[in-house]
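Written out below as structure tokens is the structure these notes cover.
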There are 2 protein chains.
Amino acid sequence: MRKESSTNAFNEKQINDSCGMAYSLSVLGGRWKPAILCRLMHQTMRYSDLKNSIDQISERMLVSQLRELEADLVVKRTVYPVVPPRVEYELTELGLSMRPMLKAMSDWGNMHRSKVNPEADVVVSEF
Amino acid sequence: MRKESSTNAFNEKQINDSCGMAYSLSVLGGRWKPAILCRLMHQTMRYSDLKNSIDQISERMLVSQLRELEADLVVKRTVYPVVPPRVEYELTELGLSMRPMLKAMSDWGNMHRSKVNPEADVVVSEF
DNA sequence: CAGCATCCTAGCAGATACTG
DNA sequence: CAGTATCTGCTAGGATGCTG
């Protein structure tokens, strides 16, 4: 059993049709995880690349979110024993398998924005 | 512009490929929203039905999550002026359009569970 | 370069009691 | 039946400083 977060609607009593969703949310629902996953979906990146490409994220958050994604087996961390250190992050097979889900979420999100806020720019992502 | 939550990775500086996802998460990412949406996906329900079918949820949470879903235009609230009061909740067209996204999340979540925790029961939902 | 350790706080969410 | 109102605790997440 995965660690039980109090913000996770998944529990034994409620092992019904929402448990799969709750599980997905626990994996990609963190503050910066969507941003990280979107970037790794396109390419392998090293720590500093991620940090520079995700504006405003702090070291603490980047590391903690990456560690959680790693624990959930969607991200793989590779350390190259060189000086200066070089650490690369990439999606695992399981991580890559999130693509359809991520695309569905991105698509619906963009559509939703145009409904609630029609004058918003329409930005379409290409997964 | 929609209300800016500090837990929402969507902001003007970062209006790139993760904004759609962040938007979706802000709509369905609440503590009990997956459970509510799954139930309303199948049928219209009144307040007490929702409360009874979602084990452990408090009045406060049920109401607040429903109000948020309403504000996001995915749930419609209908009050029948009778005694005792009768209030029904149902998905809007926009809410129903979440089905593919919800299914993708449910499917991936169930698959993910079986990878991380192979001995977990496999519960497949039918959206 | 790629991180860890600490401290701190806003706001999400639980518990409990009350009402049109 | 279908909600409010209030209090309170917890923890995700931010700021800052330090290190192999």
Which residues end up grouped with A:Val83 if you chain together Ile, Leu, Val, Met, Phe, Trp and Tyr wherever their side-chain heavy atoms are less than 4.5 Å apart? none
Separation of atom NZ in A:Lys51 from atom P in D:dA15, rounded to whole Å: 11 Å
Whole-Å gap separating C1' (D:dA15) and CG (A:Leu62): 16 Å
Looking at A:Arg39 and A:Leu50, what are the two nearest heavy atoms and their distance? CB-CD2, 4.3 Å
Between atom CD in B:Glu68 and atom C1' in D:dG3, what is the gap in whole Å? 16 Å
Rounded to the Å, how far apart are A:Leu25 CG and C:dC12 P? 16 Å
Going by side chain to side chain donor-acceptor pair (under 3.5 Å), A:Tyr47 matches just one of A:Glu88, A:Arg86, A:Glu59. Which one? A:Glu59
What pairs of nitrogen or oxygen atoms, one from the protein and one from nucleotides 2-4 of chain C, lie under 3.5 Å apart?
unit_1, atom_1, unit_2, atom_2, d
C:dA2, OP1, A:Arg46, NE, 2.9
C:dA2, OP1, A:Arg46, NH2, 3.0
C:dA2, OP1, A:Val87, N, 3.3
C:dA2, OP2, A:Ser48, N, 2.9
C:dA2, OP2, A:Ser48, OG, 2.7
C:dG3, OP1, A:Arg67, NH2, 3.2
C:dG3, OP1, A:Arg77, NE, 3.4
C:dG3, OP1, A:Arg77, NH2, 2.8
C:dG3, OP2, A:Tyr89, OH, 2.6
C:dG3, N7, A:Glu59, OE1, 3.0
C:dC4, OP2, A:Arg67, NH2, 3.2

With five pairs defining each end axis, the helix from C:dC1-D:dG20 to C:dG20-D:dC1 comes out bent, to 10°, by 60°
Strictly below 4.0 Å: does A:Gln65 bring a side-chain N or O up to OP1 or OP2 of D:dG13? yes
Distance (rounded to the nearest 0.5 Å) between A:His42 NE2 and A:Leu91 CG: 10.5 Å
Please name all residues satisfying side-chain hydrogen bond (donor to acceptor under 3.5 Å, both in side chains) with B:Arg77, sequence neighbours left out, ordered by chain then number. B:Tyr89
Could you state the CE-C1' distance from B:Met45 to D:dC1, rounded to the nearest angstrom? 15 Å
Between NZ of A:Lys33 and C1' of D:dA12 the distance, given in whole Å, is 11 Å
Just to verify, what does B:Glu70 make a side-chain hydrogen bond (donor to acceptor under 3.5 Å, both in side chains) with, not counting sequence neighbours? none
So the ring-ring contact (aromatic ring centres under 6.0 Å, His included) pairs with at least one residue in residues 54-87 of chain B (sequence neighbours excluded) are none
4.5 Å side-chain heavy-atom contact, B:Met105 and B:Pro34: no
For the pair made of CZ in B:Arg31 and P in D:dA12, what is the distance, rounded to whole Å? 13 Å
Take the protein atom CE of B:Met61 and the nucleotide atom C1' of D:dC7, then report the distance between them rounded to whole Å. 14 Å
Testing B:Ile36, B:Leu40, B:Leu28, B:Leu69 one by one against B:Val74 for a side-chain contact (heavy atoms from CB on, under 4.5 Å), which residue passes? B:Leu69
